[in-house]
Amino acid sequence: SLFKGRSKMIALLVPDIMNPFFPELARAVEDVTKQHNFTFVLCNTDDDIDKEMAYLDALKQKSVDGIIIVSSTITAEDINGMGTPIVALDRILSSSLSSVTVNNCVGAREAVQHLKAIGCQRIAHVSGPENVSNAKQRLKGYLEEVQDEQWFHPSYIEQGDYHFENAKAATEKLLNKHRDIDGLFVANDLMGVGALKAAESLGINVPEDLSIIAFDGISLGETTSPALTTMAQPIYQAGARAAEILIEQIENQNLATTNEEFSVKLVERQSTRRCS
Ligand code: RIB
């Protein structure tokens with residue numbers, strides 16, 4: 001059979017298993033791989049290139065049939081010679097690889113447009129890590145919306161790292177520095193929860209005094225108080241599509257590279273509110 005000598009196994013590398021975004025993504029990949037009778041393996045890399053390379057090595061030893069990678073550090077060279085079909089998911093690795101992503105720049109613009117539409121006049125940004133392709137695109141979208149505004153200054157941006165803890169500190173820094181901030185676009189939901197905490201600790205009411213919008217659409221955002229407005233990614237759909245593309249490539253070695261981009265969608269909850 002086509003799979004002679006192979007393991008009938010598909011692996012997914014994720015950078016942060018503690019962020020609920022990635023289990024939601026993994027769930028989808030697992031469902032599709034299982035439907036096609038593959039065994040699913042999940043590897044958590046902490047965005048650490050040494051861990052990533054060690055996993056790739058081990059997976060190669062095990063003759064894994066295909067790999068889906070979410071990474072900001074792996075380069076085309078690192079996976080050259082793997083001899084295994086690979087699909088990049090959520091973050092672009094190399095133009096020569098098939099990928100499934102979302103339209104991060106447009107989504108970020110829509111987030112800022114939402115804040116403008118509800119009357120926010122000083123809109124700050126907590127960005128994601130510098131080296132992550134989608135964080136760069138979200139920052140770019142934010143800048144496209146605000147850089148020509150008279151009030152705008154780069155100090156309205158604080159760098160986050162997609163984790164909760166630093167986002168709380170970054171938001172506190174922003175809010176202490178600029179008392180006039182009335183809108184905040186945060187680059188992912190986990191940091192959005194950190195931003196809510198920061199506002200709470202400074203006695204700033206959300207959404208009365210500060211509207212907060214984040215990005216991802218993980219279920220955690222529904223459980224906060226106030227619930228988090230977000231630009232929701234089709235997380236399940238994207239994971240499932242990446243698995244389908246990978247399986248097509250495993251079963252038909254000559255398939256052309258495909259780069260698919262999904263749109264994100266505004267989900268309005270209580271952390272943003274129209275000013276009256
Ligand atoms: O929350 C995790 C973030 O990292 C998401 O926004 C996702 O797009 C990923 O790259």
Side-chain angles (χ1 to χ4, degrees), residues 12-29 42-49 52 68-74 87-94 97 99-112 125-142 158-168 170-171 184-197 212-224 228-242 259-267 271:
L12 169 67
L13 266 61
V14 299
D16 180 11
I17 203 172
M18 298 299 284
N19 181 337
F21 177 87
F22 293 106
E24 288 187 28
L25 200 63
R27 164 90 262 172
V29 175
L42 178 62
C43 308
N44 175 52
T45 66
D46 297 324
D47 241 335
D48 171 348
I49 187 71
E52 290 174 321
I68 299 175
I69 302 181
V70 183
S71 168
S72 29
T73 43
I74 292 175
V87 173
L89 175 59
D90 173 64
R91 304 175 182 188
I92 300 276
L93 293 187
S94 143
L97 279 184
S99 63
V100 178
T101 53
V102 298
N103 197 337
N104 291 288
C105 185
V106 170
R109 291 194 71 151
E110 287 170 359
V112 178
H125 181 46
V126 178
S127 68
E130 285 183 304
N131 63 328
V132 179
S133 60
N134 55 30
K136 275 187 233 164
Q137 291 301 311
R138 292 172 204 173
L139 173 62
K140 182 167 176 272
Y142 163 77
E158 270 299 323
Q159 165 103 51
D161 60 1
Y162 274 164
H163 294 118
F164 167 82
E165 296 82 3
N166 287 351
K168 180 170 181 277
T171 306
L184 183 63
F185 166 48
V186 186
N188 78 347
D189 281 353
L190 205 52
M191 296 199 299
V193 178
L196 286 172
K197 277 279 162 213
I212 299 180
I213 183 168
F215 201 103
D216 277 355
I218 56 176
S219 354
L220 180 71
E222 293 171 43
T223 65
T224 54
L228 193 59
T229 295
T230 191
M231 298 304 302
Q233 305 195 44
I235 304 176
Y236 191 92
Q237 236 182 311
R241 188 62 197 128
N259 301 104
E260 299 188 13
E261 197 176 80
F262 286 102
S263 313
V264 297
K265 187 173 115 241
L266 173 67
V267 175
S271 69

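We number each residue from 1, following the sequence as shown. For ligands, and for the atoms within them, numbers begin at 1 and follow the listed sequence.
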*Does a side-chain heavy-atom distance below 4.5 Å link Phe215 with Met191?*
no
*Proximal protein residues to ligand 1, non-hydrogen atoms under 4.0 angstrom*: Asn19, Phe21, Phe22, Asp90, Arg91, Asn134, Arg138, Tyr162, Asn188, Asp216, Gln233
*Do you see a donor-acceptor pair shorter than 3.5 Å between the side chains of Asn134 and Tyr162?*
yes
_Identified side-chain contact (heavy atoms from CB on, under 4.5 Å) counterpart of Leu184 within the set Leu196, Ile213, Ile212_ = Ile212
*Roughly how far, to the nearest 0.5 Å, is the CG atom of Asn44 from the CG atom of Asp16?*
6.5 Å
*Check: Ile74 and Ile49 side chains under 4.5 Å, non-hydrogen atoms*: yes
*Check: Val112 and Tyr142 side chains under 4.5 Å, non-hydrogen atoms*: yes
